[in-house]
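Scroll down for the structure; my scribbles are underneath it.
Note: hydrogens, waters and symmetry copies are ignored here, and every other heavy atom, side chains too, is used. Counting starts at 1 for both ligands and their atoms, following the listed order.
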Amino acid sequence: MHDVTMSAINSFEQIQNSRSKILIQKLVKAIHQYIDEVELTQSEWEVAIDFLTRTGQLCHDQRQEYILLSDVLGVSMLVDEINHSKNVEQTPSTVFGPFFIANMPVRNYAESIVEENIDNEIPLLVKGKILNQQGEAIVGAKIEVWQTAENGMYSGQDPQQTITNLRGAFISQVQGEYAFKSILPVSYQIPSDGTVGELLNYSKRHFWRPAHIHFMITAEGYQPLVTHLFIQDDEYLNGDAVFGVKERLVVGFQQQHPNAEGQAKFALDQRYNLIHYDFVLSEGASDVDTN
Ligand code: BEZ
Ligand code: FE
C-alpha cells in the first residue's frame, strides 16, 4: 500500500459515528486501490473530474443525472439486491427511476389512468390483490402507478401530455383488491442528452428499457414496495439499460372478449387485455425508502 493511501485512510480516524467511519475509510481505500491498479494517468484523472463536474452541473429539481449514472452502472440494482432480496416471499423490488411525481390524483377502483384520446388502443385492465406474507388482504394500501404513453414518454417529460396522464393512486379494497384501466406500456429509451448519454454512446450501449408499469405500494406497518411489472416477450427484457428486470416481475396479458364481468365490474364493454398480479408486502417500517 502507498504511504499516501495509509495516511488518507488514517486521516478519517476521528469520525465518531462508526458506520460513517467505515463507509468513508473503505471508500478511500477502494478508490486508491483502483487508481493504483489501473495506474491512472494525469490526463485520465482530468477526464474523470470533467465528467463528474458536468454530471453535477446537469442536476436540478427535475433532473438527477447522478441517479441515472448509478442506474446504468448497475449500482442502483446492486443496492436494491443487497437491501431487498432477503425476503423471498415479498414481491421483488426494482429501480425507482426519475419519472415519479408525488401527489397524483387518487382514483376510484377500476378507473382509467388514461386522460388522452386513445381511440385506436385496446384497453388494458390491471387487477389483483395487495397481500401480506400470510396471504391475507391488506386493506387501504396506497398503490401509486405511472407509465409511458404510446410515444415512449412520461407526463412531465412530454409537453403534449397533461401532468396526471397515465398516473394515479389507488386504494386497496376490502379483500385487498386493486384495479385500474390503462393501455399496454411500450419499451422506451432513457434520457440520452447528458453525460450518461455520452458514456453509453461511447460504450456502444443502447438506451432501451423493456415496457413496464411502475408501482409504489405503501401501507401502514409494511415496508414500502417500489417495483415494476414488465410485459412478457419484450425484446429488451434481456438487455435493460438499467439492469432492472427480475423474472418474477415479468407478466403476460390475456386478450379478453367482451364479457359480463368486464362490463359489470370494470365498465369495459369491448375487447380488452388483462394483467392479473398480486403484490406481497412484508411487515416493517413504513417510511418510503426509494433506494
Ligand atoms: C424508469 O423506468 O422510469 C427509469 C429507470 C431508471 C433510469 C431511467 C428511467
Ligand atoms: Fe420507467
Side-chain angles (χ1 to χ4, degrees), residues 55-56 58-81 83-84 91-102 104 113-114 124 126 143-158 161 163-169 180 182-201 203 205-217 224-251 253 275 277 279 288-291:
T55 302
L58 285 169
C59 295
H60 52 78
D61 290 2
Q62 311 289 320
R63 178 161 190 171
Q64 234 302 355
E65 195 76 358
Y66 272 117
I67 294 184
L68 199 59
L69 181 60
S70 159
D71 295 340
V72 301
L73 294 179
V75 169
S76 306
M77 284 309 294
L78 178 60
V79 174
D80 171 76
E81 204 165 294
N83 289 280
H84 299 284
T91 301
S93 50
T94 188
V95 278
F96 190 50
F99 298 116
F100 173 74
I101 301 177
M104 287 292 104
I113 58 172
V114 184
L124 169 69
V126 184
I143 303 125
E144 289 170 273
V145 300
W146 65 107
Q147 69 168 85
T148 50
E150 313 90 292
N151 64 2
M153 288 210 269
Y154 287 91
S155 77
Q157 243 190 326
D158 175 8
Q161 294 177 52
I163 199 74
T164 49
N165 188 41
L166 291 163
R167 298 176 184 272
F180 63 92
S182 186
I183 48 173
L184 278 171
V186 295
S187 32
Y188 67 88
Q189 301 193 64
I190 62 170
S192 60
D193 57 343
T195 46
V196 169
E198 274 174 40
L199 175 66
L200 295 197
N201 280 324
S203 317
R205 276 180 54 182
H206 71 72
F207 293 84
W208 289 93
R209 295 216 65 207
H212 57 270
I213 304 175
H214 290 258
F215 291 80
M216 177 155 76
I217 306 176
L225 174 66
V226 172
T227 195
H228 308 349
L229 291 182
F230 294 95
I231 310 299
Q232 180 181 292
D233 295 333
D234 189 287
E235 65 177 299
Y236 298 105
L237 282 172
N238 289 320
D240 183 0
V242 301
F243 312 102
V245 178
K246 292 180 179 173
E247 215 175 293
R248 285 167 59 198
L249 299 175
V250 179
V251 294
F253 60 89
I275 289 176
Y277 197 87
F279 292 91
V288 174
D289 164 14
T290 53
N291 284 326

task: Verify ring-ring contact (aromatic ring centres under 6.0 Å, His included) between Phe100 and Trp146, making sure each step is shown before the conclusion.
output: CA-CA 7 Å; Phe100 173 74; Trp146 65 107; 4.9 Å; yes
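For Tyr188 and His212, the gap between ring centers is short of 6.0 Å. Ring centroids of His206 and Tyr236 are separated by less than 6.0 Å, placing the two rings close together. Ring centroid separation for the pair His214 and Tyr154 comes in under the 6.0 Å cut-off.
Contacts of Arg63 classified as salt bridge (charged side-chain N to carboxylate O under 4.0 Å, His left out), with partners at least two apart in sequence or in another chain: Glu65, Asp193.
Residue Thr148 does not count as close to the Fe ion (ligand 2), with no N, O or S atom under 2.8 Å. At a threshold of 2.8 Å, the Fe ion (ligand 2) has a backbone or side-chain N, O or S atom of His212 nearer than that distance.
Between Lys246 and Asp80 there is a salt bridge, since at least one side-chain N of the basic residue sits less than 4.0 Å from a carboxylate O of the acidic one.
Taking the Fe ion (ligand 2) as the apex, the angle formed with NE2 of His214 and OH of Tyr188 is 160°, to the nearest 10 degrees.
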Extract all N/O-N/O pairs under 3.5 Å that connect ligand 1 to the protein, and present each with both atom names and the distance rounded to 0.1 Å.
| residue | atom | partner | partner atom | Å |
| --- | --- | --- | --- | --- |
| ligand 1 | 2 (O) | Tyr188 | OH | 2.7 |
| ligand 1 | 2 (O) | Arg209 | NH1 | 2.5 |
| ligand 1 | 2 (O) | His212 | NE2 | 3.1 |
| ligand 1 | 2 (O) | His214 | NE2 | 3.0 |
| ligand 1 | 3 (O) | Tyr154 | OH | 3.4 |
| ligand 1 | 3 (O) | Tyr188 | OH | 2.8 |
| ligand 1 | 3 (O) | His214 | NE2 | 3.1 |

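Once rounded to the nearest 0.5 Å, the distance linking OG1 of Thr148 with CD of Gln189 reads 12.0 Å.
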